2 protein chains.
Amino acid sequence: MTITIKDVAQAAGVSPSTVSRVISDHPRISEETKNRVRGVMQELGYHPNLQARSLVVRSTETIGVVMPNSASKVLEDPFFPEVLRGISTKAREHQFGIYLSTGATEKEIYDEVVQMVQGRRVDGIILLYSRTDDKIMKYLLEKKFPFTVVGRPFENAERITFVDNDNTSITKQVTTHLIDLGHKEIAFLGANTEFVFTIDRLKGYKQALEEAQIAFNEDYIIPDAFLQDEQLAEEKMKQLLALPNRPTAFVIKDDFLAIQFISFFNSIGIRVPEDISMVGFNNITLCEYSHPPLTSVDIHIFRLGLEGANCLIEMLKNPDTLPKRITIPGQMIYRKSCQEKV
Amino acid sequence: MTITIKDVAQAAGVSPSTVSRVISDHPRISEETKNRVRGVMQELGYHPNLQARSLVVRSTETIGVVMPNSASKVLEDPFFPEVLRGISTKAREHQFGIYLSTGATEKEIYDEVVQMVQGRRVDGIILLYSRTDDKIMKYLLEKKFPFTVVGRPFENAERITFVDNDNTSITKQVTTHLIDLGHKEIAFLGANTEFVFTIDRLKGYKQALEEAQIAFNEDYIIPDAFLQDEQLAEEKMKQLLALPNRPTAFVIKDDFLAIQFISFFNSIGIRVPEDISMVGFNNITLCEYSHPPLTSVDIHIFRLGLEGANCLIEMLKNPDTLPKRITIPGQMIYRKSCQEKV
DNA sequence: TTGAAAGCGCTAACAG
DNA sequence: CTGTTAGCGCTTTCAA
């Protein structure tokens with residue numbers, strides 16, 4: 001039925017091994033045989049069975065991409081497609097395929113990763129997130145399976161190759177910018193002790209306050225959990241605004257959320273930036289089109305993915321590659337959502 | 001090094017085939033042996049090599065997902081992550097993995113699909129788009145390789161299983177809504193004769209005009225090509241607004257674009273909906289937060305993906321499944337971006 | 001420069 | 001209920 005290397009061999013009057021050598025363009029096969037065999041392959045419509053090949057050469061030429069949670073609304077944030085675009089670009093360049101995790105819960109994802117690894121579905125893995133207590137990372141480390149992470153590993157960073165933004169310093173910069181504009185009551189929306197990037201950002205936020213000798217106020221820190229649901233978020237926001245020293249500036253986890261709040265503020269008669277200054281993260285296209293256009297941090301998501309894939313492929317091609325950290329600089333993009341405190 | 005079925009067999013004092021049977025929970029193996037073998041597997045940390053398994057059973061339990069163009073900005077539109085979320089959900093339910101295309105050009109994608117198919121990387125394919133002259137679809141059809149498409153195939157629809165919105169009728173409804181509000185000069189932004197969904201929508205648009213006995217005006221149809229670039233888009237828009245009978249209502253390819261235009265209009269002093277009514281497609285979360293909130297069509301992207309995967313898996317499990325069409329109804333979500341023509 | 005043979009890790013008749 | 005045997009389609013020594 002399906003045509004194999006044997007059929008080609010027979011039709012070309014050579015042995016299967018010769019055909020195999022032609023496929024890999026082995027130097028010690030005469031041009032003549034090569035041409036003949038290639039002709040036959042063409043004629044018969046032969047295409048190698050990569051499965052079988054993988055089994056013997058022990059490599060699949062595919063990389064596994066693990067998302068935090070494929071089933072959640074999280075994916076509405078363009079972070080994911082954009083980072084995937086970066087990964088794709090680099091993978092394609094090296095003829096690697098992409099195998100995607102589908103798990104919804106941490107347990108599911110873990111099981112999937114084990115399948116990818118032990119089932120030899122992939123040669124290496126890219127983790128698209130980093131949490132504080134990550135079993136998957138530990139498993140991969142223990143198995144000595146090649147992987148890179150987009151984000152900063154909470155533990156064992158010296159043994160892991162990862163690509164990350166300078167989340168702490170960029171958030172410090174953002175916060176300082178707000179402080180320089182005269183703001184002292186600065187809220188931080190979307191704190192989450194589970195994900196490392198948030199921890200880093202919160203640290204930068206605190207550093208900026210400290211340097212400016214502004215007291216840290218726990219009330220100004222709004223956990224992510226309160227912001228998932230629209231109702232809850234608006235409720236929480238009202239509480240925040242009802243505070244005696246209500247914040248006049250917001251540092252917000254991502255642009256998506258920021259844009260939602262801008263709209264909410266518009267609807268309840270609070271003006272941005274006159275009453276409240278805001279800055280988001282990710283610099284999505286829509287920042288430019290919000291009302292007012294949103295000041296944001298470009299974290300170069302595409303490059304994050306590109307470099308993540310690049311490092312992994314490097315490791316795959318040369319197993320001796322040492323762990324390293326690549327830092328993609330973030331960049332504030334000034335638009336119209338911040339102004340001096342009046 | 002890596003532990004195989006043989007090692008387990010030896011350690012458990014049974015034959016490899018018995019171990020294999022235990023893995024697949026074969027009914028004719030005694031509970032006792034099963035338990036013993038399982039114990040050994042646990043102990044040794046055995047995990048089956050799916051690669052080898054695939055080779056003999058001729059199935060990979062993975063589905064290939066083909067995107068129009070992984071490298072383009074297209075992906076900023078949340079369509080892609082959302083449809084993928086639907087696919088993931090169904091795939092996971094049936095323990096299928098996902099293999100993603102990475103190609104940037106049509107040729108690259110074609111080659112990749114051939115690799116997936118002939119290289120036995122996947123059991124079936126989901127096409128996330130449908131274009132008028134699609135070589136990939138033809139190839140798949142010719143190879144009799146299982147696939148489904150999200151969208152309506154331009155040709156051979158009777159031989160293909162696909163899941164689609166009722167793009168024609170929903171766009172007719174949208175347009176009629178605008179007509180009912182008194183609009184006669186209605187523009188259609190984002191026409192593209194390459195993609196079938198746009199063709200269908202344009203058809204619905206025309207039907208509505210015809211029924212209302214409004215003459216079709218070519219000037220009101222703006223091809224997608226003009227809208228990719230921001231500069232170009234705004235240029236084109238100005239031309240459109242400079243027309244003697246300038247349009248008072250817009251039907252817009254997707255919400256993303258619509259939100260951009262709302263912002264543009266705000267910036268040049270055109271009011272939505274007072275001066276211009278707009279309706280978009282996809283009903284992304286941000287519709288609610290645009291200014292004004294955008295009337296849109298919910299095309300149920302998640303379900304599109306879910307059903308696409310469902311049909312494919314069905315075909316995979318039962319090869320005799322006949323081709324069918326599944327229609328996911330679209331739904332207008334009325335917000336504040338349309339009003340009666342004054 | 002090429003062929004023969006062994007084997008990657010697993011499954012599936014066919015026996016027993 | 002379980003073992004033996006023969007492959008799946010390919011690569012890779014080892015010989016020639």
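Everything numeric in this text was worked out from a predicted model, so none of it was measured. Hydrogens, waters and symmetry mates are skipped; everything else that's a heavy atom, side chains included, is used. Chain A is the first sequence line, chain B the second, and so forth, proteins listed ahead of strands; every chain is numbered from 1.
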Atom [atom1] of [X] and atom [atom2] of [N]: how far apart are they, to the nearest Å?
{"X": "B:N49", "N": "C:dT11", "atom1": "CG", "atom2": "P", "answer": "9 Å"}
{"X": "A:Q51", "N": "D:dC10", "atom1": "CD", "atom2": "C1'", "answer": "11 Å"}
{"X": "B:R120", "N": "C:dC10", "atom1": "CZ", "atom2": "P", "answer": "21 Å"}
{"X": "A:L44", "N": "D:dG9", "atom1": "CG", "atom2": "C1'", "answer": "15 Å"}
{"X": "A:E31", "N": "C:dT2", "atom1": "CD", "atom2": "P", "answer": "10 Å"}
{"X": "B:K6", "N": "C:dT11", "atom1": "NZ", "atom2": "C1'", "answer": "13 Å"}
{"X": "B:Q10", "N": "D:dG3", "atom1": "CD", "atom2": "C1'", "answer": "15 Å"}
{"X": "A:M41", "N": "D:dG9", "atom1": "CE", "atom2": "P", "answer": "17 Å"}

Nearest to the side chain of [X] - [options]?
{"X": "B:I29", "options": "C:dG3, D:dT11, D:dT2", "value": "D:dT2"}
{"X": "B:V56", "options": "D:dG7, C:dC8, D:dG3", "value": "D:dG7"}
{"X": "A:A52", "options": "C:dC10, D:dT11, D:dG9", "value": "D:dG9"}
{"X": "A:S17", "options": "D:dG9, D:dT12, C:dT2", "value": "D:dT12"}
{"X": "A:R28", "options": "C:dT2, D:dG9, D:dG3", "value": "C:dT2"}

* To do: May I ask you to say whether B:D111 pairs ionically with B:K107, meaning some side-chain N is under 4.0 Å from a carboxylate O?
  =>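 Looking at B:K107 together with B:D111, the answer is yes, because their closest N to O distance falls below 4.0 Å.
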* End-to-end bend of the helix from C:dT1-D:dA16 to C:dG16-D:dC1 (five-pair axes, 10° rounding)? ->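 For the helix from C:dT1-D:dA16 to C:dG16-D:dC1, the axes at either end differ by 40°.
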* Asked: Starting at the 5' end of DNA chain D, which residue's closest nucleotide do you reach first, B:R36 or A:V57?
  ->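 Comparing both residues, the 5'-ward one is B:R36.
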* Structure fact -> Of B:L55 and B:H26, the one whose nearest nucleotide on DNA chain D sits closer to the 5' end is B:H26
* Asked: Heavy atoms under 4.0 Å, any strand shown: does A:S54 hit a base, just sugar-phosphate, or nothing?
  ->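 Contact class for A:S54: none.
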* To do: Would you classify A:V19 as touching base, sugar-phosphate or nothing, given that sugar-phosphate means primed atoms plus P, OP1 and OP2, and contacts are heavy atoms under 4.0 Å?
  => nothing
Taking OP1 and OP2 of [N], is either one under 4.0 Å from a side-chain nitrogen or oxygen of [X]?
{"X": "B:R58", "N": "D:dG9", "result": "yes"}
{"X": "B:S24", "N": "C:dT11", "result": "no"}
{"X": "A:T4", "N": "D:dG9", "result": "no"}

* Parallel, tilted or perpendicular: which fits the ring planes of A:Y110 and A:Y139, with parallel below 30° and perpendicular above 60°? ->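 Perpendicular, since the angle between the ring planes exceeds 60°.
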With no hydrogens and no angle check, do the side chains of [X] and [Y] hold a donor and an acceptor under 3.5 Å apart?
{"X": "B:H26", "Y": "B:K34", "answer": "no"}
{"X": "B:T102", "Y": "B:E112", "answer": "yes"}
{"X": "A:S20", "Y": "A:S17", "answer": "no"}

* Asked: Going by modelled atom types, is there a donor-acceptor pair between the base of D:dG3 and the side chain of B:R21 at under 3.5 Å?
  ->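 Side chain to base: pair found, below 3.5 Å.
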* Asked: Any donor-acceptor pair under 3.5 Å joining the side chain of A:S30 to the base of C:dT2?
  -> no
* Asked: What do you reckon, is CD of A:E32 surrounded by more than 12 foreign heavy atoms closer than 6.0 Å?
  -> no
* Would you find more than 12 non-hydrogen atoms of other residues, nucleotides or ligands less than 6.0 Å from A:E93 atom CD? -> yes
* **Check: B:N156 side chain, B:R159 main-chain N or O, donor-acceptor pair, under 3.5 Å** =>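 Flag not set: sc B:N156 to bb B:R159 has no pair under 3.5 Å.
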